[in-house]
Amino acid sequence: MTNLNYKASNIAKAERAHNKNFFEVMTQMTKTPSVSDLMFIVEAGGGTEEDFDAMFAKGFENLLLEVMEGINEAGFLGVKLDTKGLREKIQNELAEISPNTGEATNE
């Protein structure tokens with residue numbers, strides 16, 4: 001698990017590198033985000049492209065949870081969410097939907 005750190009210097013560095021505004025991209029996250037916007041958000045938290053690829057490889061839901069946990073810890077949400085409980089709930093719901101490992105079978 002990557003610990004994203006949403007501090008001002010990390011956000012500013014990502015904004016300069018991608019010519020994007022952190023808060024504008026965050027407001028667009030309620031719609032369908034682009035992969036490049038997701039990578040920008042991870043980099044704004046101090047993550048690298050390798051971190052992004054590793055999080056994305058674990059699933060889209062995992063990536064969003066990692067981002068939400070980092071933003072929550074930074075205080076951007078205004079309230080502290082129980083992200084650990086939320087992570088468990090989402091993982092349980094995903095397991096009910098798809099109880100296998102996601103690997104294709106030859107049935």
Side-chain angles (χ1 to χ4, degrees):
M1 180 164 80
T2 303
N3 290 321
L4 298 176
N5 184 7
Y6 290 93
K7 61 182 184 177
S9 59
N10 285 342
I11 294 169
K13 182 178 175 182
E15 285 182 334
R16 284 191 305 270
H18 293 272
N19 198 29
K20 293 183 179 189
N21 180 293
F22 177 77
F23 294 106
E24 286 179 9
V25 172
M26 287 301 299
T27 59
Q28 295 171 3
M29 294 291 285
T30 58
K31 301 173 187 163
T32 305
S34 71
V35 175
S36 66
D37 281 347
L38 290 171
M39 188 168 78
F40 165 72
I41 293 296
V42 168
E43 289 182 2
T48 64
E49 287 183 21
E50 291 79 17
D51 295 330
F52 174 75
D53 288 338
M55 286 188 284
F56 203 86
K58 292 180 182 176
F60 182 71
E61 298 83 7
N62 181 69
L63 181 122
L64 291 179
L65 283 168
E66 293 279 345
V67 167
M68 189 172 62
E69 287 173 354
I71 290 171
N72 184 49
E73 288 301 313
F76 282 107
L77 300 178
V79 296
K80 288 287 184 174
L81 299 177
D82 176 15
T83 53
K84 184 178 279 187
L86 181 59
R87 177 181 289 274
E88 290 173 10
K89 181 178 180 181
I90 289 173
Q91 287 173 337
N92 290 337
E93 288 179 8
L94 287 173
E96 288 178 17
I97 294 169
S98 179
N100 64 26
T101 62
E103 295 178 14
T105 59
N106 293 329
E107 294 182 23

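This one's a predicted model, so the numbers in the text were calculated from it and none came from an experiment. All values below come from the heavy atoms of this structure, side chains included, with hydrogens, waters and symmetry mates left out.
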Practice problem: Side-chain contact test, heavy atoms from C-beta onward, threshold under 4.5 Å: evaluate it for L64 versus L38 and give yes or no. | Solution: yes
Exercise. Give a yes or no answer on whether the side chain of E73 reaches the backbone of N5 with a donor-acceptor pair at less than 3.5 Å.
Key: no
Self-check item: Steps toward side-chain contact (heavy atoms from CB on, under 4.5 Å) verdict (I41, M26)
Solution: CA-CA 8 Å; I41 293 296; M26 287 301 299; 3.4 Å; yes
Exercise. Drop me the distance from M55's CE to N62's CG, to the nearest 0.5 angstrom.
Key: 8.0 Å
Exercise. With rounding to the nearest 0.5 Å, note down the distance linking CG in N3 to CG in D51.
Key: 10.0 Å
Quiz item: Can you check side-chain contact (heavy atoms from CB on, under 4.5 Å) on N21 and E15, steps first, answer last?
Solution: CA-CA 6 Å; N21 180 293; E15 285 182 334; 4.2 Å; yes
Quiz item: Of the non-hydrogen atoms in F60 and P33, which two are nearest, and what is the gap between them?
Solution: CZ-CG, 4.3 Å
Practice problem: Return the set of residues passing side-chain contact (heavy atoms from CB on, under 4.5 Å) with D53 (not counting sequence neighbours), or none when no residue passes. | Solution: none
Exercise. Please name the pair of heavy atoms, one in F22 and one in A44, separated by the smallest distance, quoted to 0.1 Å.
Key: CD1-CB, 3.7 Å
Quiz item: By side-chain contact (heavy atoms from CB on, under 4.5 Å), which residues pair with E49, not counting sequence neighbours?
Solution: M39, E43
Quiz item: Stepwise, does the side-chain contact (heavy atoms from CB on, under 4.5 Å) test hold for K20 with D37?
Solution: CA-CA 9 Å; K20 293 183 179 189; D37 281 347; 2.5 Å; yes
Quiz item: How would you list all residue pairs meeting ring-ring contact (aromatic ring centres under 6.0 Å, His included) that involve residues 24-53, not counting sequence neighbours?
Solution: H18-F40, F52-F56
